[in-house]
Each structure stands twice: as C-alpha cells, then as structure tokens.
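See structure below.
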Amino acid sequence: MGRSLLSHFSMVTYSAPRFASSTRSCGLSIGGYLRRTRIIRQQASGDFRCFCSSVAVSEPVNSESSSSPVRKRIVSGVQPTGSIHLGNYLGAIKNWIRLQDTYETFFFIVDLHAITLQYEAQQLLRATRDTAAIYLACGVDPSKASVFVQSHVRAHVELMWLLSSATPIGWLNRMIQFKEKSRKAGDENVGVALLTYPVLMAADILLYQSDLVPVGEDQKQHLELTRELAERVNYLYGGRKWKKLGGRGGALFKVPEPLIPPTGARIMSLTDGFSKMSKSAPSDQSRINLLDSKDVIANKIKRCKTDAFPGLEFDNAERPECNNLLSIYQLVSGKTKQEVAEECRDMNWGTFKIVLTDALVDHLHPIQVRYEEIISDSSYLDEVLAEGARKAADIADVTVNNVYQAMGFLKR
C-alpha cells in the first residue's frame with residue numbers, strides 16, 4: 001500500500017488539448033491496435049500500482065474548435081494509508097507546489113484504492129482528513145489547485161465499471177502485485193478489488209483527459225495498462241461509431257504520456273538503500289514521516305544504515321545509502337548537487353548525520369505547524385475538499401457521459 005504518483009516535471013509547456021487524425025482518434029488501425037495489445041501482454045507482468053497519482057485534466061476538444069491556448073492539466077494523488085513520509089513529499093507533493101503555478105492541477109486522496117486489502121474503517125476516515133491537511137500544509141494552494149477525495153467524485157467508480165467491460169481478464173491476471181499479495185494472504189482473504197484496482201487506476205487518469213502522467217523512472221510500465229485501455233476503448237467505441245450515436249466523434253480518451261522527473265522521485269529506505277521508502281515497510285525506522293517530532297527524526301537518522309567508506313559522495317553504485325542521504329539533504333536544504341558534494345566530501349558520518357537532522361527538522365517544522373492549524377479547523381478543510389470535488393466532477397462527468405453515450409446507454 002502507500003502507492004503514490006510521483007510528480008516532478010522536467011519541462012513546462014502550454015498547448016490546446018487536441019487529438020491526432022481521425023484514424024488515430026478512433027484509437028488505432030486494426031493492425032496497430034493488435035500490435036500494441038501484444039505489447040501489453042508482454043509488459044503486464046510488471047507491477048502496476050496506483051499512481052493515481054496521476055491524472056491530467058482537460059475536456060476533450062477538437063483543435064479546430066479551440067483557438068485560445070489551454071494549460072495542460074495534471075492530477076496526482078496519494079493513498080490515505082499510514083503516514084505521509086519524506087518519499088511521498090519529496091517525490092510528489094513538494095513538486096505539486098511548482099506545478100500549480102503552471103498547470104491546471106487536481107490533487108486527490110485516493111481512498112478507494114486504500115480498501116483493496118483489509119483495513120480499519122475508523123483509520124481510513126482519520127487518514128483521509130490527515131492526508132488532505134498535509135497536502136495543504138505542504139503548500140498546495142486551493143486558490144490555484146483543486147484538492148478533493150476520490151470517492152467524492154462518483155464518476156471514478158462509474159467509469160471503472162465501464163472500462164471493466166473492455167478489459168481482458170488476462171491483462172489483470174498477469175499483475176505481479178495481485179499474484180504476490182493473493183499468494184501471501186490466501187484466496188479467501190483477498191477481495192476482487194485487488195485484482196481490478198488497475199482498472200480504477202485507469203479510470204482515475206482517463207476521466208480527466210490526461211496529457212501527461214507524472215511517474216518515476218521505475219514506474220513507466222505502470223502507465224501501460226491505462227494507455228492500452230484508452231486505445232482499446234477509442235477503437236471499440238470512438239470515432240464514427242460514437243458519431244452515429246449522436247456524439248461528437250473522435251477519441252473518447254486522450255492517450256496519456258509519462259512525464260519523468262529529473263530528481264527526487266526515488267527516496268530510498270533508511271534501512272536499505274536499494275528499496276524505496278514506503279508506508280508498507282514493517283519498520284517505521286525505514287522512513288521519515290512528515291509529522292515525526294524532532295527527537296524521532298534525530299533518532300532515525302542516528303540509526304540509519306550507512307557504510308564504512310571514507311568521505312561522502314554521490315552516484316557510487318557501491319554506496320546506495322550514501323547517495324540516498326546526500327540526495328535527501330540536497331532536496332531539503334535547497335542546495336545544488338555540486339554544493340552538497342563539495343560541502344560533504346570530507347565529512348564523517350557522525351558529523352553529516354547532525355547536519356542532515358538539522359536540515360530535516362528546519363524544513364519540516366513549518367509544515368507541521370501549518371498542519372496543526374488546518375486539522376483543527378474542520379470547516380475550512382471540508383470547504384476546500386467540497387469545492388475541489390465540484391470542480392473535478394464538472395470535468396469527470398463530461399467524460400463519463402460521453403462514454404455512456406458511445407457505449408449505447410440511454411441518456412438520463
């Protein structure tokens with residue numbers, strides 16, 4: 001659990017959303033579509049996770065009908081399971097702050113994905129509010145970005161069901177995460193949601209006509225199922241078929257592209273430099289939670305795994321923990337990689353851990369103060385989430401209604 005859509009962006013552009021030629025808008029040529037479905041079968045053994053963290057939002061329009069430039073829209077999210085940790089923050093949330101000034105941004109709490117395994121209802125309720133408050137405390141500005149809860153926009157579930165009818169079961173059976181978790185828990189303890197959550201993930205993205213999906217370098221394959229579903233549904237129901245039913249014609253969905261961040265997308269565990277920092281790791285020692293106290297942070301950094309090499313350096317494959325800790329320091333201090341390399345080259349671990357601890361405490365303290373202010377004002381938080389859901393629903397409802405029409409449903 002604790003999956004998140006990592007959202008660093010290496011390039012900022014503006015363009016009116018548009019689709020390719022009418023042939024492409026229908027999805028693919030038959031040959032092209034079949035070739036790509038073979039690709040997904042080969043890649044489906046990858047670990048598809050909810051990066052829902054990722055939906056860019058724009059109503060599909062033809063380029064001919066839109067003369068004014070439209071900002072590309074981005075949506076990303078984090079599960080309300082466990083505590084938001086430094087990896088979530090530096091890999092995703094911190095970068096949302098930059099995005100909200102350039103893109104039309106929609107950030108949501110993916111609570112529907114949090115119930116794919118056994119969970120405590122009271123804990124989910126509390127964690128959903130906490131996660132929203134942390135978004136705002138970290139600097140997400142509700143006057144620039146929409147913040148909402150996934151389950152508050154019903155189109156997510158509706159579109160998932162429609163997409164499920166077009167999703168070959170073989171694509172889902174090959175998901176490694178489902179195989180691993182079902183094997184550990186046993187078939188009687190695993191719900192169908194664990195098998196079908198990749199379809200909900202696709203709905204999260206396609207509802208908002210994503211241009212780009214922010215993912216880490218290691219998560220590019222997670223986007224493939226969504227892309228394949230978009231092309232499959234466009235081919236089966238879009239284009240002339242949709243037009244004959246009274247629709248606009250063309251593509252029902254944009255086929256999103258991955259956007260890989262230049263840095264900060266992979267913050268590793270404090271106990272294993274080869275594993276990502278994760279909410280699901282059994283030891284809390286492996287991560288820095290955003291709400292950890294000064295003493296807890298100091299203790300975790302003091303006990304974190306290091307090595308016996310002299311000095312400190314980036315990018316040595318034999319020193320993954322060193323590279324990770326230096327990267328964390330670079331990101332929370334705001335210094336360049338070169339500045340950190342020069343500053344820390346001759347440090348020993350004892351000295352560096354004190355420097356890193358101070359930098360982390362200084363960086364996280366204002367977030368913790370703001371979080372306490374927000375979580376104590378429930379009416380303000382409720383208002384922000386309600387307004388965000390209204391804005392998201394305005395866009396999502398257009399998409400899902402188009403899909404209903406193209407699939408032959410009687411208009412409500």
Side-chain angles (χ1 to χ4, degrees), residues 5 7 17-20 24-28 33 36-37 40 48-61 72-77 103-108 110 112-113 146 148 150-151 153-168 171-172 196-215 219-239 241-242 247-259 391-407 409:
L5 192 76
S7 52
R18 64 184 182 210
F19 297 111
R24 180 70 179 179
S25 295
C26 294
L28 295 169
Y33 173 73
R36 289 190 61 81
T37 54
I40 191 68
F48 281 82
R49 300 186 223 164
C50 171
F51 47 77
C52 310
S53 113
S54 64
V55 186
V57 188
S58 70
E59 180 180 344
V61 295
K72 289 185 177 180
R73 299 169 181 173
I74 306 291
V75 176
S76 188
Y103 291 84
E104 186 174 3
T105 46
F106 288 69
F107 302 131
F108 64 102
V110 291
L112 293 172
H113 286 279
S146 299
F148 64 100
Q150 180 190 27
S151 62
V153 181
R154 296 185 178 183
H156 286 261
V157 176
E158 292 185 54
L159 184 59
M160 178 200 176
W161 181 252
L162 298 176
L163 293 178
S164 295
S165 72
T167 305
W171 290 9
L172 302 180
T196 59
Y197 90 81
V199 185
L200 177 58
M201 175 193 74
D204 295 334
I205 298 167
L206 299 178
L207 266 178
Y208 301 97
Q209 305 299 337
S210 309
D211 295 295
L212 299 166
V213 173
V215 293
Q219 295 177 315
K220 291 173 68 176
Q221 62 177 329
H222 305 164
L223 184 56
E224 279 304 308
L225 179 65
T226 298
R227 289 171 51 82
E228 293 300 328
L229 272 176
E231 292 179 334
R232 184 179 177 90
V233 172
N234 284 344
Y235 173 74
L236 292 174
Y237 301 106
K241 299 173 187 176
W242 180 22
R248 188 190 67 240
L252 288 160
F253 302 122
K254 283 188 177 181
V255 180
E257 297 290 340
L259 194 50
K391 291 180 180 178
D394 286 344
I395 297 166
D397 288 347
V398 172
T399 297
V400 78
N401 287 336
N402 284 342
V403 177
Y404 273 128
Q405 181 184 43
M407 292 181 70
F409 286 85

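Closest approach of Val398 and Asp394 over heavy atoms only: CG2-O, 3.4 Å. Annotation for Tyr235 and Lys241: closest pair O-NZ, 3.1 Å, computed over non-hydrogen atoms. Nearest approach of Ala202 to Leu229, heavy atoms of both residues: CB-CD1, 3.8 Å. When all heavy atoms of Leu225 and Pro198 are compared, the closest pair comes out as CD2-CB, 3.3 Å. Between Ala393 and Val153 the shortest heavy-atom distance is CA-CG1, 4.0 Å.
With a 4.5 Å cut-off on side-chain heavy atoms, Arg232 and Glu228 do not count as touching. Met160 places a side-chain heavy atom less than 4.5 Å from the side chain of Thr196. Using a 4.5 Å heavy-atom threshold, the side chains of Thr226 and Leu206 count as touching. Counting only heavy atoms from C-beta outward, the side chains of Leu223 and Ile205 approach each other to under 4.5 Å. Using a 4.5 Å cut-off on side-chain heavy atoms (C-beta onward), Val403 and Phe409 make no contact. Using a 4.5 Å heavy-atom cutoff, the side chains of Leu159 and Phe253 are in contact.
Summarising the geometry, atom OH belonging to Tyr237 is positioned 15.0 Å from atom CG belonging to Asn402; distances are rounded to the nearest 0.5 Å. Note that the NZ atom of Lys391 and the CD1 atom of Ile395 stand 9.5 Å from one another [nearest 0.5 Å]. Between the CZ atom of Phe108 and the OG atom of Ser76 there is a distance of 7.5 Å, given to the nearest 0.5 Å. Annotation: the span from Leu200 atom CG to Gln150 atom CD amounts to 5.0 Å, rounded to 0.5 Å. In this structure, CG on Asn234 lies 5.5 Å from CG on Leu252, to the nearest 0.5 angstrom. Atoms CG and CH2, on Leu236 and Trp242 in that order, are 14.5 Å from each other to the nearest 0.5 Å.
Using a distance-only test at 3.5 Å, with no hydrogens or angles considered, no donor-acceptor pair links the side chain of Gln209 to the main chain of Pro256. Not a single donor-acceptor pair under 3.5 Å links the side chain of Lys254 to the backbone N or O of Tyr208. In this structure, Asp204 contributes its side chain and His156 its backbone to no donor-acceptor pair below 3.5 Å.
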**Item:** Worked check of side-chain contact (heavy atoms from CB on, under 4.5 Å) between Asp211 and Tyr103
**Value:** CA-CA 11 Å; Asp211 295 295; Tyr103 291 84; over 6 Å; no
